[in-house]
Amino acid sequence: LDVEYIESYKKWKRHKDTIKDRVILAARDNEKPGPLIFPSPMLILDDMSHTAIYADPNFTKLMLRHRHIFGIGISVMMLLQTFKAGAQRAIRQNVKQYLIFPTSSQSALRDIYEGVAAHVTYDTFIALTKKAWDGNPHNFLTVNKLAPPEEMFRKNLNEFLIVKRE
């Protein structure tokens, strides 16, 4: 196991290794171990917007502190049919990435715009959605609120949609 090797290596570096540690290290010629990679858990919540889970204070706490759980964090993906009614404001404000699929509801688009696209005008946001959704009913607009403004919008996950400064 890598954990065992790393611990043996640390003891060897401090001159506190045992014969067992030396045997473990000899199998890899005492090479310096690489970083230990931990799993990255993800919680996916699909169509839970009108259930009690979003009103539960423990769920809100999870959404606000998810990066610190178990020392490695947990990613949370919420699949919502309605933006404002789908999740509490405190939760929506903590979301860093949005995948916005086609909708014909202008009021829903206005709500989404107000929640995620403060860096552009409403007309620019609508143009971005049209460009992202063009050509395939399964296309989506990605909004990455952690990215610099020039990399904030994408068609699907891979094609940047460049916005001229307004």
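Quick note: residue numbers are just sequence positions, from 1. Note that the structure is a prediction, hence the values are computed from the model and not measured.
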Please table the atom pairs, donor to acceptor, closer than 3.5 Å between any side-chain atom in residues 128-136 and protein atoms at least two apart or in another chain.
from: Thr129; atom 1: OG1; to: Ile126; atom 2: O; distance (Å): 2.7
from: Trp133; atom 1: NE1; to: Ile100; atom 2: O; distance (Å): 2.9
from: Asn136; atom 1: OD1; to: His138; atom 2: N; distance (Å): 2.7

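- When the salt bridge (charged side-chain N to carboxylate O under 4.0 Å, His left out) test is applied to Glu7, the partners found at least two apart in sequence or on another chain are Lys10.
- Across all non-hydrogen atoms, the minimal contact from Ser8 to Leu25 is O-CD1, 3.7 Å.
- A 4.5 Å side-chain heavy-atom check between Phe125 and Ile112 finds at least one atom pair inside the cut-off.
- Both Leu62 and Met48 are members of a single hydrophobic cluster when ILVMFWY side chains are connected at heavy-atom separations under 4.5 Å.
- The cluster map of Ile, Leu, Val, Met, Phe, Trp and Tyr, joined by side-chain heavy atoms under 4.5 Å apart, puts Val120 and Tyr122 in the same cluster.
- The 12-atom threshold is not exceeded at CZ of Arg89, counting heavy atoms of other residues, nucleotides or ligands nearer than 6.0 Å.
- With contacts defined as side-chain heavy-atom distances shorter than 4.5 Å, the pair Val163/Met152 does not qualify.
- In the hydrophobic clustering, where aliphatic and aromatic side chains (Ile, Leu, Val, Met, Phe, Trp, Tyr) are joined below 4.5 Å either directly or transitively, Leu146 stands alone.
- Alongside Met42, the hydrophobic cluster contains Ile44, Met77, Leu79 (criterion: ILVMFWY side chains under 4.5 Å).
- Residues Glu150 and Ile162 approach most closely at O-CD1, 3.6 Å, considering heavy atoms.
- In this structure a side-chain-to-backbone donor-acceptor pair under 3.5 Å is missing from Asp29 to Glu31.
- Two residues are said to be in side-chain contact when any heavy atoms from C-beta on lie closer than 4.5 Å; Tyr98 and Thr142 fail this criterion.
- Relative ring orientation between Trp12 and Tyr9 is described as tilted, the plane-to-plane angle lying within the 30° to 60° band.
- Formation of a donor-acceptor pair under 3.5 Å by the His119 side chain with backbone atoms of Pro149 is not found in this model.
- Ion pairing between a basic and an acidic side chain is recognised when a charged N comes within 4.0 Å of a carboxylate O; Asp111 and Arg92 show no such pairing.
- Under the 4.5 Å side-chain contact rule for hydrophobic residues, Ile91 and Leu43 share a cluster.
- With sequence neighbours excluded, no residue forms a side chain to side chain donor-acceptor pair (under 3.5 Å) with Gln97.
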Practice item. Apply side-chain contact (heavy atoms from CB on, under 4.5 Å) to Arg154 and Leu141, showing your working. Key: CA-CA 6 Å; Arg154 296 180 188 202; Leu141 174 67; over 6 Å; no
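- Between Glu114 and Lys84 the shortest side-chain heavy-atom distance falls below 4.5 Å.
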**Study point:** Test log, rule side-chain contact (heavy atoms from CB on, under 4.5 Å), inputs Met63 and Gln93
**Key:** CA-CA 10 Å; Met63 294 303 295; Gln93 288 177 327; over 6 Å; no
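- Note on Leu161: it does not cluster hydrophobically with Phe101, by side-chain heavy-atom contacts below 4.5 Å among ILVMFWY residues.
- Smallest separation of non-hydrogen atoms from Phe83 and Val116: CZ-CG1, 4.1 Å.
- Taking both residues in full, the closest heavy atoms of Ile53 and Phe59 are given as O-CB, 3.2 Å, listed atom of the first, atom of the second, then distance.
- Within the 4.5 Å cutoff, the side chain of Asn144 has no heavy atoms near those of the Glu151 side chain.
- Residues Ala90 and Leu64 approach most closely at O-CD2, 3.8 Å, considering heavy atoms.
- The distance from atom CD1 of Ile24 to atom CG of Asn30, rounded to the nearest 0.5 Å, is 11.5 Å.
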Expected list for residues 102-110: side-chain donor-acceptor pairs under 3.5 angstrom, two or more places apart:
from: Thr103; atom 1: OG1; to: Ser105; atom 2: N; distance (Å): 3.2
from: Ser105; atom 1: OG; to: Ser107; atom 2: OG; distance (Å): 3.2
from: Ser105; atom 1: OG; to: Ala108; atom 2: N; distance (Å): 3.1

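- When the side chains of ILVMFWY residues are joined at heavy-atom separations under 4.5 Å, either directly or via intervening members, Met78 and Phe140 end up in two distinct hydrophobic clusters.
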